[in-house]
Amino acid sequence: MSVRVRFAPSPTGGLHLGGVRTVLYNYLFAKHHGGEFVLRIEDTDQTRFVPGAEEYIFNCLKWCGLEPDESPVHGGPYGPYRQSERKEMYRSYAETLVTRGFAYYAFDTREELEKMREELKTDENPSPQYDHRARKNMRNSLNLTDDEVKELLEKNIPHVIRIKMPENDVVSFTDMIRGEVSFQTGLVDDKVLLKADGMPTYHLAVVVDDYLMKITHAFRGEEWLPSAPVHLLLWKYLGWEASMPQWAHLPLILGPSGKLSKRDGAKYGFPVFAMNWTDPKTNELTEGFFEKGFLPEAFINLLAVLGWNDGTEKELYSMDELIADFDIKRVHSAGAKFDYEKAKWFNHEWIKKLNVEHLKLKVKEVLASAGIETTDEAKLEKIIELVKDRCTLLPDFVQQAGFFFKAPVTLELDAVKPKWNEEKKQFFTEYIKQLNGIGNWELGEIESAFKELATAKNIKPGELQLPMRVMLVGGKFGPAVFQIAEIIGKEETVKRVEYALSLL
RNA sequence: GCCGCGUUGGUCAAGGGGUUAAGACGCCUCCCUUUCACGGAGGAAUCACGGGUUCGAAUCCCGUACGUGGUACCA
């Protein structure tokens, strides 16, 4: 049987680091086994609908290179892939469960539920559940007579269907990451399966759809572990136990203080979403890795090794290598704190690693958005090669490569002034003359003229190089000075030196 | 509160009865370089605690503490 996995986001907002990692592990597992990766939209909560969120998710996955094989936009044989479009099929499964005695109708109103919680609430039990004890005193088909239930149903009185958790049983299963996990059914509440509006809750939808879509392995965040017994029981009650997927609950990604939230991002200055997301209601922007200047290769890489390793010292993986080496059993069971410094290191490594051709377009874009037009392709390529070791994030190219195309507006003259004197000024005045005389404008000529003149003037060349750099670059950074001069050309070099001299 | 899951340097982590307890990020020192990086060589820093089991425990068991998640007609 071929491997089929799924990622099932609810389109309610930005796509979190942890979400992308869940997609990634699903994707890697599927591809490693030559299986399919399906994306299903879990939009059963109509009150939380957020326009644009679904399209946003697809954009993120595309940028990450994690394209689904089946999805609402990619199609596939098990559609529809949007749960809201599957609404009609859930009710009959829920009713089957009622018929079999594994679930029941509950007619309690919001107010009645609140009242029950209020009454049962104590210091020892701050959040009472609708469980096997509570259900005995509520308005549901367990307590009502058949006729009463029938009447309520016929009158279309709003109701939900709840699972009837066994009072005293143990449900256990083997998690691919954690091993044997077990739960006392009496401590789990009677989760709503079908809501009053006819939509299923996650609990019903996930098992019905996983069954219908022939999902073989179900990987999801650790936050689902406590409701796993409900899902296990549903598979059993529906008579599908034999086709139940294997489960793996992935560890959480934590922020500097506890669970990683988008607030952490704003607070500590790092992105937490794959791409920028603006909440349409509040207009609040949460930064994304894409806009921050991360390469998808690096983003995927850093996420992959946040909670997984192959047992070797290897840390840099391409997607193909990940597919080849990934093993869900080697995923850690403990949560991992996200470290932005290390994330940046990964990006730096990937910038160094990727060839110029691969980087060119992205660098062009980043320069363009800083108002720097690059038309000379050969020149751009040469420059990227020269400066990429110095760039951690894509926008770093603006500082590191920008001055090749545009003379610096402000010069860091404070770095020069303290040791500046008349001799040095004369040196540069004469150097300009020599520069103008160079016929073959290339590195060797520019450099030897500089050094010979310095020797003649009895000044150490080293003492002149920093001023020269500041004149051309604007600050104390960048590749070798004469290389810069060679690339920007004679005219521009002379111009920049003259301008700087006028300020000194 | 109750339930689940977890706990190796600041962070990511290897190791799963006998190791000088890998490696990476970050930090520090030095070399290279009269810029900034890259690269290279070093350094500081870890098995949450308490009991067992065992000749021997970071590794196995039990407690405790702490962290984290759940406890919704949200996913």
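Numbers restart at 1 for each chain; the letters A, B, ... are given by sequence-line order, proteins then strands.
Ion pairing of A/K314 with A/E321 is present here, as a side-chain N (NZ or NE/NH1/NH2) and a carboxylate O approach within less than 4.0 Å. Looking at A/E112 and A/R139, a side-chain N of the basic residue comes within less than 4.0 Å of a carboxylate O on the acidic one, giving a salt bridge. A/E284 has a carboxylate O that lies under 4.0 Å from a charged side-chain N of A/R263, or vice versa, which qualifies the two as a salt bridge. In summary, A/K342 and A/D339 do not engage in a salt bridge, as defined by a charged side-chain N under 4.0 Å from a carboxylate O. The pair A/R496-A/E492 meets the salt-bridge criterion, with a side-chain N (NZ, NE, NH1 or NH2) lying under 4.0 Å from an Asp/Glu carboxylate O. Between A/E114 and A/R117 there is no salt bridge, since no side-chain N of the basic residue sits under 4.0 Å from a carboxylate O of the acidic one.
Considering all non-hydrogen atoms of both residues, A/E167 and A/T185 come closest at C-OG1, 4.2 Å. In plain terms, the two heavy atoms of A/E222 and A/H249 that are nearest each other are CA-CB, 4.2 Å. Considering every non-hydrogen atom in both A/Q83 and A/D209, the closest pair reads NE2-OD2, 2.8 Å.
Atom P of B/U59 sits at a distance of 10 Å from the matching atom of B/C49, rounded to the whole Å. Comparing the P positions of B/G26 and B/U7 gives an interatomic distance of 26 Å, to the nearest angstrom. Comparing the C1' positions of B/C2 and B/A57 gives a spacing of 33 Å, expressed to the nearest Å. Taking atom C1' in both B/G70 and B/U53, the straight-line distance is 35 Å, to the nearest Å. Nucleotides B/A14 and B/U35, compared at atom P, are 40 Å apart to the nearest Å. Going from the C1' atom of B/G15 to that of B/G23 covers 12 Å, rounded to whole Å. Taking the P atom of each, B/U29 and B/C38 are spaced 15 Å apart, rounded to whole Å. Comparing the C1' positions of B/C55 and B/C62 gives a spacing of 22 Å, expressed to the nearest Å.
Considering only the side chain of A/V181, B/C5 comes nearest among B/A24, B/G6, B/C5.
At whole-Å resolution of the value, CG in A/D310 and P in B/A13 are 14 Å apart. In this structure, NZ of A/K337 is placed 10 Å from P of B/G9, rounded to the nearest angstrom. Rounded to whole angstrom, the span from the CZ atom of A/F346 across to the C1' atom of B/C25 amounts to 8 Å. At whole-Å resolution of the value, CG in A/D325 and C1' in B/A14 are 16 Å apart. With rounding to whole Å, A/R220 atom CZ is found 14 Å from B/C5 atom C1'. In this entry the distance linking CG of A/L120 with P of B/C2 reads 17 Å, nearest Å. Between the CG atom of A/D123 and the C1' atom of B/G1 there is a distance of 9 Å, rounded to whole Å. Regarding A/F482, its CZ atom lies at a distance of 12 Å from the C1' atom of B/U35, rounded to whole Å.
Across all strands, A/V305 comes closer than 4.0 Å only to sugar-phosphate atoms, never to a base (heavy-atom distances). Contact annotation for A/R330: backbone-only contact, meaning every heavy-atom pair under 4.0 Å involves sugar-phosphate atoms and none involves a base. Contacts of A/G307 with the nucleic acid, taken as non-hydrogen atoms under 4.0 Å apart, involve only primed sugar atoms and P, OP1 or OP2. Within 4.0 Å (heavy atoms only), A/H332 reaches sugar-phosphate atoms of the nucleic acid but no base atom. In this structure, A/N309 reaches the sugar-phosphate backbone alone: every heavy-atom distance under 4.0 Å involves primed, P, OP1 or OP2 atoms, never a base. Across all strands, A/A343 comes closer than 4.0 Å to no nucleic acid atom at all (heavy-atom distances).
Checked by atom type and distance alone, the side chain of A/N140 pairs as donor or acceptor with a backbone atom of A/N143 at under 3.5 Å. In this structure, the side chain of A/N347 engages the main chain of A/G293 through a donor-acceptor pair within 3.5 Å.
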Which pairs, protein N/O on one side and nucleotides 26-34 of chain B N/O on the other, fall under 3.5 Å?
{"from": "B/U34", "atom 1": "O4", "to": "A/G462", "atom 2": "N", "distance (Å)": "3.3"}

Residue pair A/D189, A/K191: steps toward the salt bridge (Lys or Arg N to Asp or Glu O under 4.0 Å) verdict: CA-CA 6 Å; A/D189 64 333; A/K191 294 260 183 262; 2.7 Å; yes

From CA spacing to verdict: ring-ring contact (aromatic ring centres under 6.0 Å, His included), A/Y25, A/F219: CA-CA 8 Å; A/Y25 286 0; A/F219 305 154; 8.6 Å; no

side-chain contact (heavy atoms from CB on, under 4.5 Å) assessment of A/F294 paired with A/L302: CA-CA 11 Å; A/F294 276 80; A/L302 73 93; 4.2 Å; yes

Secondary structure of RNA chain B in dot-bracket form (Watson-Crick or G-U wobble, distances below 3.5 Å, | marking inter-strand pairs): (((((((..(((.....[....))).(((((.......)))))....(((((..]....))))))))))))....

Heavy-atom protein contacts under 4.0 Å, nucleotides 69-75 of chain B, coded B base, S sugar-phosphate only, - none: BSBSBBB

Nucleotide-resolved protein contact map, nucleotides 36-44 of chain B, B/S/- at heavy-atom distance under 4.0 Å: BBSS-----

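A side-chain hydrogen bond (donor to acceptor under 3.5 Å, both in side chains) check over residues 301-311 of chain A, counting only residues at least two apart or in different chains, returns the pairs A/N301-A/W350, A/N309-A/R330, A/D310-A/T312, A/D310-A/Y317.
Projected onto RNA chain B by closest heavy-atom contact, A/R21 and A/S333 fall at different nucleotides, the more 5' of which corresponds to A/S333.
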Donor-acceptor pairs under 3.5 Å, side chain of residues 465-478 of chain A to any protein atom, not counting sequence neighbours: which ones?
{"from": "A/R469", "atom 1": "NH1", "to": "A/F477", "atom 2": "O", "distance (Å)": "2.7"}
{"from": "A/R469", "atom 1": "NH1", "to": "A/G478", "atom 2": "O", "distance (Å)": "3.2"}
{"from": "A/R469", "atom 1": "NH1", "to": "A/P479", "atom 2": "O", "distance (Å)": "3.1"}
{"from": "A/R469", "atom 1": "NH2", "to": "A/P479", "atom 2": "O", "distance (Å)": "2.9"}

